[in-house]
Amino acid sequence: MGKLKTKKEHVDFTSALKSKKNDPQFAPAGSVKRVEIICTQALEEDFMQSFSEKNVAARYTKLPAVMGAGYSNPCLGDAIWPQLNVMFIIYCSEEEVPTIKEIVWDLRDKYRTEGIACFISSAEEV
């Protein structure tokens, strides 16, 4: 069996590591709204479906197992309070906020005994 010849190639990764600070393609969004939604895990699918149907919250962060106590039953993931919450953190434009608020109110009306908290604040991407 003969020796396998391999040719080493130099690959330049420095272009991928360049700062994106001055690249307009990667410019920060600037002033945005931060929307935090905390609800029982049972409502996660309803929120995702509503976001999709209303074409909002395309980019979000989801924390799938959140524990806490609010104005409804505690969700602590233990033997006494076994249910857990889910939390969505959404950064969006001012224009998306009324639609997201509408989704929250619609689901609050539909699921009156489930806990749904929503907080909106200003944020700035740098």
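In this chain, residues are counted from 1 in sequence order.
Scanning both residues, I90 and A57, for their nearest heavy atoms gives CD1-CB, 3.8 Å. The nearest pair of heavy atoms linking V66 to L63 is CG2-O, 3.4 Å. Minimum heavy-atom separation, R108 to C118: NH2-N, 3.7 Å. Closest heavy-atom contact between P64 and V86: CA-CG2, 4.0 Å. Residues S72 and G115 come closest through the heavy atom pair OG-CA, 3.4 Å. Taking all atoms of both residues into account, the shortest heavy-atom contact from L84 to A65 is CD1-CB, 3.9 Å.
Other residues, nucleotides and ligands place no more than 12 heavy atoms under 6.0 Å from the CD atom of E45. Within a 6.0 Å sphere centred on CG of D109, other residues, nucleotides and ligands contribute more than 12 heavy atoms.
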Does C92 form a side chain to side chain contact (heavy atoms under 4.5 Å, CB included) with V56? I'd like the steps, not just the answer.
CA-CA 8 Å; C92 62; V56 294; over 6 Å; no
Evaluation steps, side chain to side chain contact (heavy atoms under 4.5 Å, CB included), between T40 and Y111:
CA-CA 11 Å; T40 57; Y111 301 105; over 6 Å; no
Does the side chain to side chain contact (heavy atoms under 4.5 Å, CB included) test come out yes or no for V104 and V35, once each step is laid out?
CA-CA 11 Å; V104 169; V35 181; over 6 Å; no
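For S50 (side chain) and D46 (main-chain N/O), a donor-acceptor pair under 3.5 Å exists by modelled atom type.
Neither Y60 nor Y91 shares a network with the other; the hydrophobic side chains, linked directly or stepwise wherever heavy atoms of I, L, V, M, F, W or Y lie under 4.5 Å apart, form separate groups for each. Hydrophobic cluster membership differs between V32 and V97, with clusters built from Ile, Leu, Val, Met, Phe, Trp and Tyr side chains linked at under 4.5 angstrom. Under the 4.5 Å side-chain heavy-atom criterion for ILVMFWY residues, no single connected hydrophobic cluster contains both I116 and F119.
Shown here are the salt bridge (charged side-chain N to carboxylate O under 4.0 Å, His left out) partners of R34, two or more places apart in sequence or in another chain: E36.
M48 CE to I103 CD1: the interatomic distance, rounded to the nearest 0.5 Å, is 10.5 Å. Atom CG of residue N85 and atom CG of residue L43 lie 9.5 Å apart, to the nearest 0.5 angstrom. The distance from atom OG of S31 to atom CD of E125, rounded to the nearest 0.5 Å, is 11.0 Å.
Applying the ring pair (Phe, Tyr, Trp, His ring centres under 6.0 Å) test to residues at least two apart or on different chains, the pairs with a partner in residues 34-58 are F47-F51, F51-F88. A salt bridge (Lys or Arg N to Asp or Glu O under 4.0 Å) check over residues 93-104, counting only residues at least two apart or in different chains, returns the pairs K33-E94, K54-E102.
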